[in-house]
Amino acid sequence: MNSPRRLRPPRMNLWARAEYARLNAAQGILAASHTDVLVERDIPVPGGDGVTLLTDHWMPAADPLGSVVLIRTPYGRTGATAAARVMAERGHHVVVQSCRGTFGSGKEAFDPFHHEAEDGRATLDWVRAQPWATGAIHSWGFSYGGLTQWALCDEPDGPNRMTIGLSSRRFDDAIMYQGGGFAVETMLTWMIALDAQERSPLSRLLRIALAKRRLRRASLAIPLKDADLFAVGHRFPPYQDWLENRTPDDSFWQPLHFAKDLQLVPPVTLLAGWQDLFLVGVFDDYLALREAGRPVRLVVGDWTHNGPGAGVIAVDDLLRGFAEISADEPPAAAVRVEVTGGGGWRDIARWPPPSTEREWALTAEFGLAETEIDKFGPGSTATLSYRYDPHDPTPQAGGRSLNPFDSGRRDQRRRELRDDVLVFTSDPLASELTTIGEIRVRLALTSDNPGFDVFLRVCDVDPKGKSHTVSDVYLRAPA
């Protein structure tokens, strides 16, 4: 075990320095109470079956006893440097651990999802046995780091509080098979990132440079089971498992549906992004927790999965969350949403908010006509059709995607000109319109293919004619 070493700013890489400065400069962030911070690296913590999980421990030098933040991630401990230092400077011990199969933890290859419950519980037990862990334990993390927190909730005596960003307790329902189809691009993007992250700097840069081309080639692979060969140049066993186990009742996924007993879930803040692939999964988790009477907060910002915007709010929530724990006042059920387009933040009591529904009907002239709810008649009849060519599939263009090259509120005009896309447009709105709530679509169609996909996207067209993504939905029709 290494001796504690004083942390100095030059030991942080450029990205960590920038993130650290941004977190400290955030409006309303709690002031630092400890300017002297120590870090002990590469602590061998035993996992569920005794495997060694490498762990870093950040601590305020002048206050050796106190509360703890637990962060478990497969993406490298250095990625948490900025957040860990900010938290330690506010008086908290921060435990950052690499998941089994990544960055020196264990000797086997990374097997996503399968060891997080046992390894997380073993780590939680280790933390509680440390003489410096005398206060509450708050878990924290994004994406897969959120899933490692959900995995702690299937037994009593879990964390005292959680902050879960851009994640969901059921990865299969939330992103892999959302809408019934297999999310090829999402899983290949993740595979490429995992394959590159522990390579040498030169090799990693080369793979990043080729990632966009490899992702496109892999997404078009036939048969689909060979897509991993195009993406990373070798077989990726987890991908084969995901491709094979694609139904909700597959026994493969049952042990990996975490937090089944919602009464064991501690107070939690969930962060979602309007342009993040986990958006629907986060809403499902929030509604389930609220229905179960659990204390839960929901924050939804104008973020993609790869954007940095949620980090400041997540750190601020954690720091203020310790005050709530010590006061024995768990956070009340509340929702905060950011209105895109510069509309600012709105505080509402619950999601979905009370609303007045407005209905728009598709017309035979490719228009959108506003009408009263349930009052729109059949009107004129017409046949509107398109032809889908699997050799030239409709390209992704923005929206809720993991692909960093193509996510968010992207311009849709080039895609809207394609023959395999039908576009329905309303007249210009007479006045500014703010919408907050859920979009529902009722659609009747036929297909000459027994199995087909339906993808609908709502866009906002600005005065210059630029069409931006607002929301979308995907559904695979059963063959």
Side-chain angles (χ1 to χ4, degrees), residues 1-17 19-20 23 32 34-48 51-107 110 115-116 119-146 148-149 151-152 159 162-163 165 197-198 311 314-315 318-319 322:
M1 183 181 299
N2 297 331
S3 300
R5 300 187 296 271
R6 189 176 305 279
L7 175 71
R8 299 185 183 277
R11 298 178 71 89
M12 301 168 66
N13 60 32
L14 291 176
W15 181 90
R17 291 184 196 180
E19 180 69 3
Y20 173 75
L23 291 173
H34 296 70
T35 57
D36 199 5
V37 170
L38 303 174
V39 59
E40 187 177 2
R41 300 191 184 278
D42 297 335
I43 303 170
V45 173
V51 66
T52 297
L53 304 174
L54 293 187
T55 304
D56 294 346
H57 172 209
W58 297 69
M59 68 203 86
D63 190 6
L65 307 179
S67 54
V68 181
V69 182
L70 175 60
I71 303 172
R72 301 191 65 249
T73 174
Y75 304 126
R77 284 156 281 149
T78 57
T81 293
R85 180 175 175 181
V86 168
M87 296 169 188
E89 289 177 344
R90 272 73 178 171
H92 308 301
H93 292 259
V94 186
V95 175
V96 185
Q97 183 178 88
S98 291
C99 293
R100 180 189 300 227
T102 68
F103 294 90
S105 286
K107 298 186 180 301
F110 180 47
H115 299 284
E116 305 313 340
D119 288 347
R121 298 300 305 191
T123 303
L124 200 58
D125 291 341
W126 177 86
V127 169
R128 288 200 168 105
Q130 302 310 302
W132 38 262
T134 58
I137 297 178
H138 186 145
S139 62
W140 188 91
F142 283 78
S143 193
Y144 194 95
T148 66
Q149 297 177 70
L152 296 171
M162 304 192 301
T163 296
Q197 67 177 2
E198 295 190 59
V315 170
L318 179 141
L319 296 173
F322 274 115

Side-chain contact, heavy-atom cut-off 4.5 Å: [X] with [Y]?
X: Q97; Y: I43; value: no
X: L124; Y: P159; value: yes
X: T81; Y: W15; value: no

**Message:** Does E198 form a side-chain contact (heavy atoms from CB on, under 4.5 Å) with Y75? I'd like the steps, not just the answer.
**Reply:** CA-CA 9 Å; E198 295 190 59; Y75 304 126; over 6 Å; no
**Message:** So, applying side chain to side chain contact (heavy atoms under 4.5 Å, CB included) with V94, which one of V37, I71, V86 is it?
**Reply:**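 Among V37, I71, V86, the one meeting side chain to side chain contact (heavy atoms under 4.5 Å, CB included) with V94 is I71.
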**Message:** Which residue in the set I137, L70, T123 passes side chain to side chain contact (heavy atoms under 4.5 Å, CB included) when paired with L152?
**Reply:**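 Among I137, L70, T123, the one that satisfies the side chain to side chain contact (heavy atoms under 4.5 Å, CB included) with L152 is L70.
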Show the nearest heavy-atom pair for residues [X] and [Y], with the distance to one decimal.
X: A82; Y: E19; answer: CB-CG, 3.5 Å
X: V51; Y: G106; answer: CG2-CA, 3.4 Å
X: C99; Y: P74; answer: SG-N, 3.7 Å
X: S98; Y: R77; answer: OG-NE, 2.9 Å
X: L319; Y: M87; answer: CD2-CA, 4.4 Å
X: A83; Y: V315; answer: CB-CG2, 4.3 Å

Between the main-chain N or O of [Y] and the side-chain N or O of [X], is there a donor-acceptor pair closer than 3.5 Å?
X: T134; Y: G66; value: yes
X: T163; Y: A314; value: no
X: T148; Y: R72; value: yes

**Prompt:** What do the steps show when you test D56 against D42 for side-chain contact (heavy atoms from CB on, under 4.5 Å), and what is the final call?
**Reply:** CA-CA 6 Å; D56 294 346; D42 297 335; 4.2 Å; yes
**Asked** Hey, what's the ring geometry for W132 with H93, parallel, tilted or perpendicular (30° and 60° as the breaks)?
**Response**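 Answer is parallel, since the angle falls under 30°.
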Measure the [atom1]-[atom2] distance between [X] and [Y] for me, rounded to the nearest 0.5 Å.
X: L53; Y: F103; atom1: CG; atom2: CZ; result: 14.5 Å
X: Q149; Y: M162; atom1: CD; atom2: CE; result: 6.0 Å
X: H92; Y: W140; atom1: NE2; atom2: CH2; result: 13.0 Å
X: Y20; Y: E89; atom1: OH; atom2: CD; result: 3.0 Å
X: H138; Y: S67; atom1: NE2; atom2: OG; result: 10.0 Å
X: L54; Y: R41; atom1: CG; atom2: CZ; result: 12.0 Å

**Asked** Does the pair M12 and R85 meet the rule for a side-chain contact (heavy atoms from CB on, under 4.5 Å), with working shown?
**Response** CA-CA 10 Å; M12 301 168 66; R85 180 175 175 181; 3.1 Å; yes
